Amino acid sequence: MQHKPLLSLRTLWLAALLPVIGMGLLTGCGDDQPAQPTTEAPAFDPEGMGDASRTNTIKQIFYAAPSPMETAALVQRSGAQFEKKHMHPTASRTRYTTSDRQAVALGVYGADLSYATIFEENSVSLEYLTAVKELSKSLGISDVLNDEVMARAEANRGDREALVQVVSETFTSLNEALKENGMEDLSAMLVLGGWVEGVYLATQHVSQAPTELKARIAEQKLTLDDVMRLCRSYEPTPELKALLASMAPVEAAFAQVQVTEAEGFAEQSADGGFVVGGGDEITASDATLKAITTAIQNVRTQWVK
Amino acid sequence: MNPKMPPTMTSSFPLRSSRVWTLALGLVLVAVASLPQTASAQCRAFTKKNCLPIMDGYTLNENYNSAILIPGDQAELLLTFLGGTNYRLAICSHPVLGDVQFEILDAKGKTLFNSAKAGGADKVDFRVQTTQQLRVNIQVPATKSAIQHEGCVSILIGTKN
């Protein structure tokens, strides 16, 4: 006896494809195509608004972390000198063959690139920008660092501020590209790799500016909190879980940092803004600083070779 | 049953049918799952086009946040601001949402800045002397309108040396 289908295959295919076709119609109008007039309410237009798709209000929690550029600026302001030997060699970039390792390495190279750029080591910056370009190509997001961006960086090799902007825009776009391609976990890995490398570089300069850098490294207890919250806000893939687990010794070391509560203040400044001062005092003993340095060095060695 | 049909083929249609249903379900799930991502991508396009110019002269934090909010929604960001750094914080929202307000609070909940008291400012420049975590609260005004709209809200943070 031959089985008779309840629905024909053609009907099933149509049922399956309808939502996809619908999505195509909804999302097909990009910036470079004029919107078509329609009698139905648009779901969400390219200008950033649409009819509300829900009625209940929510509290949206945002996550962010200071960028490696900010950490590099802390090292520079301490009076420390640039030392290329602490950077992760660009020749190692070919060793990373899986996307999770490539994302971490991208973060590490990004922090190194920020460090070189802040210290106006422009030829080193361009060398690291090339490494970033090649790694992003391996991750399938090569559009970000196209020939135009590379040419802009080359043309501005003598202008620190212009290079800072190129680096910042590049990493903003890389983060976006990863998210838009459904690789949010890799975006988290990039941030984590950048944070570890930024703090690693700071720890390697302590002998040059002990008082200042000890204080700045201790304060990274707060930025570690930011970074871990940001990374834990993403879907925990096995690779991201493993990476976050490997941060446990770093978290344990920073847990020894002392935070003494104190009143903060804000004063109006002449330009209409304000100045924030005071607040909790954050300190670390030499033993804690040594524990942080070791933990950061160990986790970095696990991630990049 | 067709006696010529080998045993493994006896259930060929049910097997093919279940595969088709699985495929159909998969495609539906992909389409539904891509809805918020598409809106989110459009929000990023909105931010690039309308908001980034506000940060001129500042180096943008690479992980800026944007979301699609409706009237009455709130948003919150907790972030460490590093000592010795000049910051610009901007809240950029679609005009359909009205005057989106924000305030900056210190770790103890003391308000340091309130945009409503600053003439409805959409950005503020400040200098942080000592590293600390600050909380940014964003409020989209509620509306009594029968037709509600949703729009993008982005929070941008930039630094200047």
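Keep in mind that what you see is a predicted model, and the values were worked out from it rather than measured. The analysis underlying the following values was restricted to heavy atoms, covering all of them including side chains, and did not include hydrogens, waters or symmetry mates. Convention: sequence-line order gives letters A, B, ...; per-chain numbering from 1.
With a threshold of 4.5 angstrom between heavy atoms, S168(A) approaches chain B through its backbone and through its side chain. Using a 4.5 Å cut-off between heavy atoms, L174(A) makes no contact with chain B at all. Only the backbone of A262(A) comes within contact range of chain B, judged by heavy atoms closer than 4.5 Å.
Considering every non-hydrogen atom in both V164(A) and T59(B), the closest pair reads CG1-OG1, 3.4 Å. Listed here is the closest heavy atom pair of F274(A) and I104(B): CZ-CD1, 4.1 Å.
Your options are S173(A), S187(A), A215(A), S53(A), and the one with the most heavy-atom pairs under 4.5 Å with chain B is S53(A). When each of P71(B), A118(B), G84(B) is checked for heavy-atom pairs under 4.5 Å with chain A, G84(B) comes out on top. With chain B as the partner, the residue from E169(A), M69(A), E176(A), Q165(A) showing the most heavy-atom pairs under 4.5 Å is E176(A).
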> Going through the checks in order, is the side-chain contact (heavy atoms from CB on, under 4.5 Å) test met by L222(A) and T131(B)?
Replying inline: CA-CA 9 Å; L222(A) 302 182; T131(B) 297; 4.2 Å; yes
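Note on E150(B) versus R54(A): no salt bridge recorded, every NZ/NE/NH1/NH2 to OD/OE distance being 4.0 Å or above.
Using a 4.5 Å heavy-atom cutoff, the side chains of S67(A) and N63(B) are not in contact. Counting heavy atoms from C-beta outward, E70(A) and F81(B) have side chains that stay 4.5 Å or more apart.
Looking at D225(A) and Q133(B), their side chains do bring a donor and an acceptor atom within 3.5 Å of each other. Using modelled atom types, one finds a donor on one side chain and an acceptor on the other under 3.5 Å when comparing T85(B) with R77(A). In summary, the side chains of D73(B) and T57(A) do not present any donor paired with an acceptor at a separation below 3.5 Å, with no hydrogens or angles considered.
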